[in-house]
Amino acid sequence: MTLDEEKDPALSPKAALAVELARRSLGMMSPRQRVEGLLRVTERTARRPGFRLSPLRGGALALAVTAAVVLGVNGWQRGTRADRLSYQVEGGAVQQDGSVQADTSSRPMVRFSDGTEVQLAEMARAHIVSVDEQGARVALDRGEVHARVVHRSEAKWLFDAGPYLVTVTGTAFALSWAPEDERLDLRLENGAVVVSGPLTGEPIAVRAGQWLTLRQRTGEVLLRDLDPQQGAGASPAPAPSSSDRAEEPSAAPVPEAPGAPADPTAAAPAAEPRRDWAGKLAAGKLDVIVDEAQRRGLDASLAESSNEELSALADAARYTRRNDIARRALLAQRRRFPATQRGKEAAFQLGRLAETQEGAAAALAWFETYLKEAPQGAYASEALGRKMVIVQRLHGDAQAETVARAYLRRFPGGTYAQAARALARTP
């Protein structure tokens with residue numbers, strides 16, 4: 001359950017937006033950290049030489065502090081434990097029974113306060129069973145989810161799929177469950193997980209780059225390498241039957257290039273070590289990723305890295321507050337991989353960076369770019385919500401009301417719904 005479900009009809013439009021701004025700006029800190037951080041910023045700003053706070057800004061700042069205190073008390077999620085993780089759903093809403101449902105036009109993303117993300121594929125349905133300070137338990141009722149679990153010491157994440165249990169500490173994977181066929185597919189991008197259930201006997205350890213298929217009805221257990229051209233985000237293909245699994249012929253020898261040395265003992269050039277930035281990101285090795293890119297040469301890294309590597313570099317740089325490197329990595333994605341999902345999502349991340357570096361107008365342009373390129377994307381709810389806030393700030397309530405009504409039509413249970421209702425003057 002998110003803060004959006006705790007509505008206060010007495011809030012004015014500006015008050016509601018201030019509450020929303022405070023919550024989004026203060027990020028995924030604990031309630032105590034959010035309150036103490038904002039109060040420290042307020043105190044330090046007030047002590048600057050020559051600083052004068054206008055009545056308008058003073059009122060807004062006081063309102064933001066009040067909002068932070070309210071959020072600090074209530075948190076993102078109802079519960080009595082202050083140290084437990086919180087979560088929010090973008091592109092969808094949590095139902096009364098705790099379920100999240102995707103349809104043909106939405107792919108909801110569940111974001112947890114430690115940075116973990118679980119995205120539902122089309123027509124998938126999942127439940128948030130429980131959340132505590134170590135992680136969460138997510139039950140996949142049907143369809144597929146793609147999860148990126150942030151590695152932390154003592155983290156514990158559990159995913160149920162039918163009668164099977166996937167235990168995770170920090171990794172990225174795609175998990176699907178087809179109840180009508182009683183089939184599980186797990187495709188692991190990086191990290192390692194353990195799968196247990198009726199067919200496994202002893203728990204099965206799955207490592208990065210492997211694909212596990214379990215067929216309950218036929219008793220089939222199939223573990224093989226993941227096709228690198230397919231990737232973990234691809235839809236699962238039918239598992240080959242035992243009659244189809246003949247030994248594949250070995251690859252034909254590569255002809256020797258003209259002029260190559262005939263001596264078989266001649267030393268071959270050393271292959272460049274595999275960087276595995278996605279794996280390092282899942283393991284929380286953020287500084288290592290940025291340092292490797294700089295050691296190699298940032299220009300060369302941006303020109304030669306894969307789309308996935310650029311995403312990992314941008315995330316690592318953002319998380320370590322090296323925003324200049326993050327911006328360059330995201331712009332490289334936009335330039336080199338414009339038609340891919342990651343290339344489109346880079347526009348959204350550039351918008352978030354622009355809000356703190358280049359100003360509201362630049363951020364608005366990036367959010368509009370993302371909404372145009374990926375109207376049903378994972379960040380569509382967030383991008384439209386940020387657009388609403390920025391339009392209100394730049395152009396006033398009247399123009400923002402149009403955006404607010406568009407937001408409510410698309411995301412009536414979204415994280416900006418309360419602020420949108422206040423602007424649109426709807427209950």
Side-chain angles (χ1 to χ4, degrees), residues 85 87 100 109-112 114-121 124-179 182-216 219-228 230-237 239 274 276-285 308 311-312 315:
L85 298 181
Y87 67 89
V100 181
M109 173 82 79
V110 185
R111 297 185 185 278
F112 293 84
D114 70 338
T116 293
E117 299 176 346
V118 179
Q119 183 168 31
L120 280 69
R125 176 185 170 92
H127 278 75
I128 311 299
V129 178
S130 61
V131 182
D132 60 21
E133 68 278 8
Q134 293 179 304
R137 185 163 191 156
V138 180
L140 177 59
D141 300 329
R142 65 170 182 269
E144 180 173 305
V145 295
H146 187 270
R148 295 182 183 274
V149 178
V150 173
H151 177 76
R152 295 180 298 124
S153 60
E154 300 182 358
K156 185 176 182 180
W157 290 79
L158 302 174
F159 288 78
D160 295 289
Y164 299 98
L165 178 64
V166 181
T167 303
V168 183
T169 56
T171 184
F173 62 91
L175 175 67
S176 66
W177 170 248
E182 295 184 324
R183 168 177 168 165
L184 176 144
D185 279 277
L186 173 69
R187 301 180 305 286
L188 197 60
E189 294 177 18
N190 52 64
V193 302
V194 176
V195 181
S196 56
L199 288 181
T200 65
E202 294 294 324
I204 298 175
V206 186
R207 59 173 175 79
Q210 289 187 323
W211 179 355
L212 173 67
T213 296
L214 301 174
R215 289 179 179 270
Q216 183 73 13
E220 185 175 26
V221 178
L222 179 60
L223 182 64
R224 69 277 201 198
D225 288 337
L226 188 65
D227 183 352
Q230 184 178 43
S235 299
R274 184 169 178 262
D276 190 21
W277 285 349
K280 291 181 174 70
L281 183 69
K285 299 177 180 179
E308 181 185 44
S311 287
D315 285 344

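In this text the structure is predicted, and so the values were computed from the model without any measurement.
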Exercise: identify the closest heavy-atom pair between [X] and [Y]:
X	Y	result
G197	Y164	CA-CD2, 3.6 Å
L184	A161	CD1-CB, 3.7 Å
W177	P163	CH2-CD, 3.6 Å
L140	L175	CD2-O, 3.4 Å
G135	L85	CA-CD1, 3.7 Å
A126	L120	N-CD2, 4.0 Å

4.5 Å side-chain heavy-atom contact, [X] and [Y]:
X	Y	value
R207	D225	yes
V221	L212	yes
V149	F159	yes
V195	L214	yes
T213	E220	no

- Which value, rounded to the nearest 0.5 Å, describes the distance between R148 atom CZ and R111 atom CZ? 11.0 Å

- Which value, rounded to the nearest 0.5 Å, describes the distance between I204 atom CD1 and S196 atom OG? 9.5 Å

- Task: Verify side chain to side chain contact (heavy atoms under 4.5 Å, CB included) between L158 and T167, making sure each step is shown before the conclusion.
- Result: CA-CA 5 Å; L158 302 174; T167 303; 3.6 Å; yes

- Message: Side chains of R183 and S176 only: does a donor on one sit below 3.5 Å from an acceptor on the other?
- Response: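 No, no side-chain donor-acceptor contact under 3.5 Å.
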
- So which of D185, L188, V206 actually passes side chain to side chain contact (heavy atoms under 4.5 Å, CB included) with W211?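 Checked D185, L188, V206 against W211; only one passes side chain to side chain contact (heavy atoms under 4.5 Å, CB included): D185.
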
- Query: Angle class for the Y87/F112 ring planes (parallel below 30°, perpendicular above 60°, tilted otherwise)?
  - Reply: tilted

- Query: Who pairs with R137 by salt bridge (charged side-chain N to carboxylate O under 4.0 Å, His left out), at least two apart in sequence or on another chain?
  - Reply: D160

- Item | Audit row: V118, M109, side chain to side chain contact (heavy atoms under 4.5 Å, CB included) steps and yes/no | CA-CA 6 Å; V118 179; M109 173 82 79; over 6 Å; no

- Task: Sort out for me which residue in R187, E117, E189, Q119 forms a side-chain hydrogen bond (donor to acceptor under 3.5 Å, both in side chains) with H146.
- Result: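 Going through R187, E117, E189, Q119 one by one, the side-chain hydrogen bond (donor to acceptor under 3.5 Å, both in side chains) with H146 is satisfied by E189 alone.
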
